[in-house]
Protein chains: 2
Amino acid sequence: MNDLKSKFLEVYSALKSELLHDPAFEFTDVSRQWVERMLDYNVPGGKLNRGLSVIDSYQLLKDGKELTDEEIFLASALGWCIEWLQAYFLVLDDIMDNSQTRRGQPCWYRLPKIGMIAVNDGIVLRNHIPRILKKHFRGKPYYVDLLDLFNEVEFQTACGQMIDLITTLEGEKDLSKYSIPLHHRIVQYKTAYYSFYLPVACALLMAGENLENHIDVKNVLIEMGTYFQVQDDYLDCFGHPDVIGKIGTDIEDYKCSWLVVKAMELSNEEQKKLLHENYGKEDPTSVAKVKELYNTLNLQGVFEEYESKSYEKLISSIEAHPSKAVQAVLKSFLAKIYKRQK
Amino acid sequence: MNDLKSKFLEVYSALKSELLHDPAFEFTDVSRQWVERMLDYNVPGGKLNRGLSVIDSYQLLKDGKELTDEEIFLASALGWCIEWLQAYFLVLDDIMDNSQTRRGQPCWYRLPKIGMIAVNDGIVLRNHIPRILKKHFRGKPYYVDLLDLFNEVEFQTACGQMIDLITTLEGEKDLSKYSIPLHHRIVQYKTAYYSFYLPVACALLMAGENLENHIDVKNVLIEMGTYFQVQDDYLDCFGHPDVIGKIGTDIEDYKCSWLVVKAMELSNEEQKKLLHENYGKEDPTSVAKVKELYNTLNLQGVFEEYESKSYEKLISSIEAHPSKAVQAVLKSFLAKIYKRQK
Ligand SMILES: [Mg+2]
Ligand SMILES: [Mg+2]
Ligand SMILES: [Mg+2]
Ligand SMILES: [Mg+2]
Ligand SMILES: [Mg+2]
Ligand SMILES: [Mg+2]
C-alpha cells in the first residue's frame with residue numbers, strides 16, 4: 001500500500017474514534033459497538049478513489065508544493081466525508097435494488113439481525129458527515145460553502161436515484177421509453193455529481209476558490225462521470241464478478257442501462273421483440289438471450305468506440321482550460337478511470 | 001380552520017411549488033408528478049403542531065408585537081422544514097417497523113408501485129430541507145446556525161432511532177434489559193430534540209438569539225418531549241385508533257414502551273413470567289393477556305399520576321426562567337400536549 005493511502009486510512013481511524021465518542025449523543029455500549037461494526041463493514045472497503053481524489057486534487061491545485069500535516073488531514077477528512085456519503089447511498093441502494101452482494105461480501109442489510117435496521121444505519125452514515133465537517137471545519141471561511149456543497153450534491157444524487165427507480169417502473173410497461181437523453185439525465189444526477197464533481201469541488205474550496213467561478217470544471221467532471229457510469233453499465237454485463245465484486249443484475253432488474261438503450265437503437269423489429277420478451281426477467285434463459293443479442297449487436301465494439309471517443313472529447317475540453325493546475329487535476333481524474341476493469 | 005393555520009398551509013403550497021421547479025435538478029414530467037404526490041401524501045397530513053409552534057414561539061419572543069408578512073413567511077418556512085423532517089422520519093420509521101397505517105391512511109411504502117422506492121422518497125424529503133433553507137435564509141446572519149441546528153437534531157434523532165431498534169432486538173432476548181433510564185435515553189433522542197427543542201430553537205435563532213445561552217430552555221423542552229413520548233406509549237395501548245389515526249402495535253413489536261417498563265417494575269414473579277411469555281407475540285390472545293396485566297397493575301392510574309407529577313415539575317422549571325417571554329413560549333407548548341388524547 002502506498003504512503004498516501006496508508007495515511008488516508010489512519011484518518012479513517014481517527015474520525016471513527018471521534019464519532020464513537022461524539023458528545024452530542026450518549027451511546028450505550030451496545031450502540032457504540034453497533035456503529036463501529038457498521039462503519040467498518042460499509043465505509044472503508046471500496047476502491048477509495050473518490051476520497052483519495054480530494055488529496056490528489058488539492059495537491060495539484062497547490063502546484064505540487066508540499067502539504068502540511070494539517071492540510072493532509074483536512075483533505076483526507078473531506079475525502080472520507082465523500083466515502084461516508086457513498087456508503088450511505090450504497091447501503092440504501094442495495095435495499096432498494098434487492099441486491100445480494102457488494103464489494104465481494106453480502107450487502108449489509110442481508111446480514112442476520114440487520115434487515116431493515118440498515119435503513120437507519122444509512123441515515124446514521126449520512127449524519128456523520130456534518131459531524132465531521134463541524135468538528136474540523138467550523139472555523140474555516142469556507143465552512144458554510146462546504147455545507148451547501150454537500151447538501152446540493154446529496155440532493156442531486158437523491159433526485160437521480162428517484163428517476164432511476166421511477167424509470168425502471170415505467171420501463172416495465174414500455175421499454176421504448178429508454179433513450180440516451182434519459183440515460184444521460186439519470187447518470188448525471190445519480191453518479192456524476194457526487195463521484196466526480198464533489199471531490200474536486202472540496203479541493204477547490206479548501207484552496208480558497210469560489211465554486212461559482214468553476215462552472216466549466218463542473219461540466220467536464222459531469223461528462224467524465226457520465227462516461228464512468230456507462231463503464232459501470234458495461235461492466236455489469238461484461239465485467240468479471242470476481243473483479244467488480246458483485247454479480248450484475250441490470251438485465252434482471254429492468255435497468256435503464258446504456259447497453260439496453262444502445263441495443264434498442266441498433267435492433268431490427270425481430271430483435272426488439274426479443275428484448276421486449278426477455279429483458280427484466282429473472283430466469284437465466286431470458287438473461288442469456290439478452291446477452292446473446294448484445295453479442296450479436298457487437299455492443300462490446302460499440303462500447304469501445306464510445307470509450308475512445310469520450311476520452312478524446314474529454315481531453316480536448318480539459319486542454320481548453322486556462323489553468324495548468326486545473327488541467328492536471330482533471331487529467332489525473334480521467335487517468336484513474338480510463339479503460340478501468342472494475 | 002383558524003387564520004394562522006390557513007396562512008401556514010398557503011406557505012406549504014408556495015414551498016412545494018418552488019421545490020417542484022428547483023433549478024438544481026432537471027425534472028422529467030413523471031418525476032415532478034411523483035414528488036408532488038409524495039409530498040401531499042406525507043407532509044401536510046399531521047397535526048402540524050411542531051410547525052405551527054415555530055410561529056407561536058417567535059410571536060411570543062417578540063412580546064406580542066405584530067409580525068410582518070415576511071416574518072410570518074419565514075417562521076412558517078422553518079415550521080415546514082420541521083414538518084418535512086417529521087415526514088422523512090415517519091416514512092422510514094414505518095418501513096423499519098413494518099407498520100400498516102399512519103395518520104388514518106396506509107403507510108406510503110404500502111401503496112402499489114411504491115414499496116422500497118419509499119426509502120429514497122424519505123431521502124428526498126430530507127433533502128428538501130436544505131433547499132428551503134438555502135433559498136430563504138442564505139443571506140441571514142443565522143443561516144449557518146440554522147444548518148448546524150438541523151444537522152445536530154437530525155443526528156440525535158437518528159441515534160435515538162438506532163437505540164430504539166437495537167434495544168428491541170436485545171429485548172427479544174431479555175425483557176429485563178428494559179428500564180426507565182434506557183427508556184428515557186431512547187425517547188430523549190428519538191423524539192424530544194426534533195419535536196420540542198427544534199421548533200423553539202428555530203424561533204430563538206430567528207429572534208437573533210445565540211442558542212448557547214439557552215441550555216436551560218433546551219433542558220425543559222427535552223423533559224417535555226419525554227413526557228410527550230410517555231403519552232405516546234400510553235396512547236399506543238389505551239388510545240382510540242380512530243382518534244390516534246393508527247392501530248398501536250408496541251406490544252406485538254416488543255417495544256421498550258413506558259408501559260412495559262412500568263409493568264416489569266410493578267410485577268411479581270408470576271406476572272413477570274406472563275410478560276416474558278406473551279410480550280412481543282403477534283397473536284391476539286397474547287396481546288390481550290398483556291393488556292389484561294396492564295389493567296390488573298392499574299397502569300392507567302400509574303400513568304395519570306406520572307402525568308400530573310410531570311406537569312407540576314415542568315411548570316416549576318418554567319417559572320424559574322428569568323424571561324417572561326420565554327416562560328410564555330414554554331407554557332404555550334406544554335398547554336398543547338397536557339392531557340392530549342391524540
Ligand atoms: Mg444498485
Ligand atoms: Mg439502484
Ligand atoms: Mg451498475
Ligand atoms: Mg413506528
Ligand atoms: Mg420505530
Ligand atoms: Mg408510539
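Residue numbers begin at 1 in each chain, while the letters A, B, ... track the order of the sequences.
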Where B/Gly160 and A/Phe25 come nearest, the two heavy atoms and their spacing: N-CE1, 4.3 Å
Under 4.5 Å from any heavy atom of chain A - which part of B/Tyr193: neither
Contact class of B/Leu147 relative to chain A, heavy atoms under 4.5 angstrom: side chain
Closest-packed option against chain A by number of heavy-atom pairs under 4.5 Å, given B/Pro130, B/Ala118, B/Ala24, B/Gly122: B/Ala24
Contact class of A/Ile129 relative to chain B, heavy atoms under 4.5 angstrom: neither
Interatomic spacing from CD1 in B/Ile123 to CZ in A/Arg126 - rounded to 0.5 Å: 8.0 Å
Proximity breakdown for A/Tyr109 and chain B, heavy-atom pairs closer than 4.5 Å: neither
A/Asn151 (side chain) donor-acceptor with B/Asn127 (main chain) under 3.5 angstrom: no
Distance, nearest 0.5 Å, that separates CD of A/Gln188 from CD of B/Glu26: 5.5 Å
Test log, rule salt bridge (charged side-chain N to carboxylate O under 4.0 Å, His left out), inputs A/Asp148 and B/Lys135: CA-CA 11 Å; A/Asp148 281 349; B/Lys135 183 157 179 88; over 6 Å; no
Atom of B/Ser31, atom of A/Ile166 and distance for their closest heavy-atom approach: CA-CD1, 4.0 Å
Contact origin within A/Lys134 toward chain B - heavy atom pairs under 4.5 Å: side chain
B/Phe150, part contacting chain A, at a heavy-atom distance under 4.5 Å: neither
Distance in Å, A/Asp164 CG paired with B/Asn120 CG, rounded so as to fall on 0.5 Å steps: 9.0 Å
Pairs of heavy atoms under 4.5 Å with chain A: top-ranked of B/Arg131, B/Gln156, B/Lys113, B/Glu152: B/Arg131
Note, B/Thr28 side chain near A/Thr167 side chain (heavy atom, < 4.5 Å): no
Value rounded to 0.5 Å, distance of CG in A/Leu19 from CZ in B/Phe155: 7.0 Å
CG (B/Asn213) with more than 12 external heavy atoms under 6.0 Å: yes
B/Asp93, part contacting chain A, at a heavy-atom distance under 4.5 Å: neither
Pairs of heavy atoms under 4.5 Å with chain A: top-ranked of B/Met116, B/Gln161, B/Glu154, B/Met162: B/Glu154
Residues A/Trp34, B/Leu165; criterion side-chain contact (heavy atoms from CB on, under 4.5 Å); working and verdict: CA-CA 11 Å; A/Trp34 183 281; B/Leu165 293 159; over 6 Å; no
Interface moiety of A/Asp22 toward chain B, non-hydrogen atoms closer than 4.5 Å: side chain
